[in-house]
Amino acid sequence: QVQLVESGGGLVQPGGSLRLSCAASGRSFSSYTMGWFRQAPGKEREFVATISSGRTITYYADSVKGRFTISRDNAKKTVYLQMNSLKPEDTAVYYCAASGIVSVSPNLYNAWGQGTQVTVSS
């Protein structure tokens, strides 16, 4: 099983940028598909982005396409989420997760980090 720890959240003004990191420990990080999800207060957890183990497949939610970029460094066992042109509606707790397959469903991810808060506000 892989253990995940997110970092990089914080308070940012609308139009600003943040880069989230998710550091993994344990075996076989490079074999996992990695995803980012987010959950705003009173809402269900929603898919943000995913990247396959070999970095050949990336997929984004329509709400973040063109603004967010997911990447990974298998040597460092880290996955990143670069977030640009942030909007107040991006405010949420962001989670990284690991899965054996490429999917947008949180139910198919079996390892989760503790989350990092992102707040977009002036």
Closest non-hydrogen atom pair, [X] against [Y]:
X    : Y    : answer
S122 : P14  : N-CD, 3.7 Å
G115 : E6   : N-OE1, 2.9 Å
W112 : P106 : CZ2-O, 3.5 Å
S85  : S17  : N-OG, 4.4 Å
Q39  : A92  : O-CB, 3.4 Å
S25  : V2   : O-CG2, 3.2 Å

Is a side-chain donor or acceptor of [X] paired with a backbone partner of [Y] at a separation under 3.5 angstrom?
X   : Y    : result
R45 : R38  : no
N74 : K77  : no
T50 : M34  : yes
T33 : S52  : no
Q13 : V120 : no

- Step by step, would you call F47 with W36 a ring-ring contact (aromatic ring centres under 6.0 Å, His included)? CA-CA 7 Å; F47 168 77; W36 285 96; over 10 Å; no

Check whether [X] and [Y] end up in the same hydrophobic cluster, where Ile, Leu, Val, Met, Phe, Trp and Tyr are linked by side-chain heavy atoms less than 4.5 Å apart.
X   : Y    : result
L86 : V93  : no
F37 : Y32  : no
I70 : F29  : yes
M83 : V79  : yes
F68 : Y109 : no

- Query: Do any pairs count as a ring pair (Phe, Tyr, Trp, His ring centres under 6.0 Å) and have a residue in residues 69-107, sequence neighbours left out, and if so which ones?
  - Reply: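 Matches after skipping sequence neighbours: none remain.
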
State the [atom1]-[atom2] distance between [X] and [Y], to the nearest 0.5 angstrom.
X    : Y    : atom1 : atom2 : value
L11  : Q117 : CG    : CD    : 9.5 Å
L108 : S99  : CG    : OG    : 6.0 Å
L20  : T78  : CG    : OG1   : 12.5 Å
L81  : T116 : CG    : OG1   : 11.0 Å

- Quick one: do S21 and S7 satisfy side-chain contact (heavy atoms from CB on, under 4.5 Å)? Show the steps, please. CA-CA 5 Å; S21 298; S7 61; 3.8 Å; yes

- Which residues share a salt bridge (charged side-chain N to carboxylate O under 4.0 Å, His left out) with K65, sequence neighbours left out: D62

- Note on the structure: Taken in chain and number order and not counting sequence neighbours, the residues that satisfy salt bridge (charged side-chain N to carboxylate O under 4.0 Å, His left out) with R72 are none

- Query: Got Q114 and L4 here, is their nearest side-chain heavy-atom distance under 4.5 Å?
  - Reply: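 Sidechains of L4 and Q114: no contact.
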
- Message: Within the structure provided, determine whether I57 and I51 are in side-chain contact (heavy-atom separation under 4.5 Å).
- Response: no

- Message: Before you tell me yes or no, could you show the steps for R27 and Q1 under side-chain contact (heavy atoms from CB on, under 4.5 Å), namely the whole-Å CA-CA distance, both residues' side-chain angles and the distance that decides it to 0.1 Å?
- Response: CA-CA 7 Å; R27 301 173 61 181; Q1 187 79 340; over 6 Å; no

- Message: Counting only heavy atoms not in E44 (residues, nucleotides, ligands), do more than 12 fall under 6.0 Å from its CD?
- Response: no

- Message: Working note: Q3 + V5, criterion side-chain contact (heavy atoms from CB on, under 4.5 Å); need CA distance, chi angles, decisive distance, verdict.
- Response: CA-CA 7 Å; Q3 291 79 44; V5 178; 6.0 Å; no

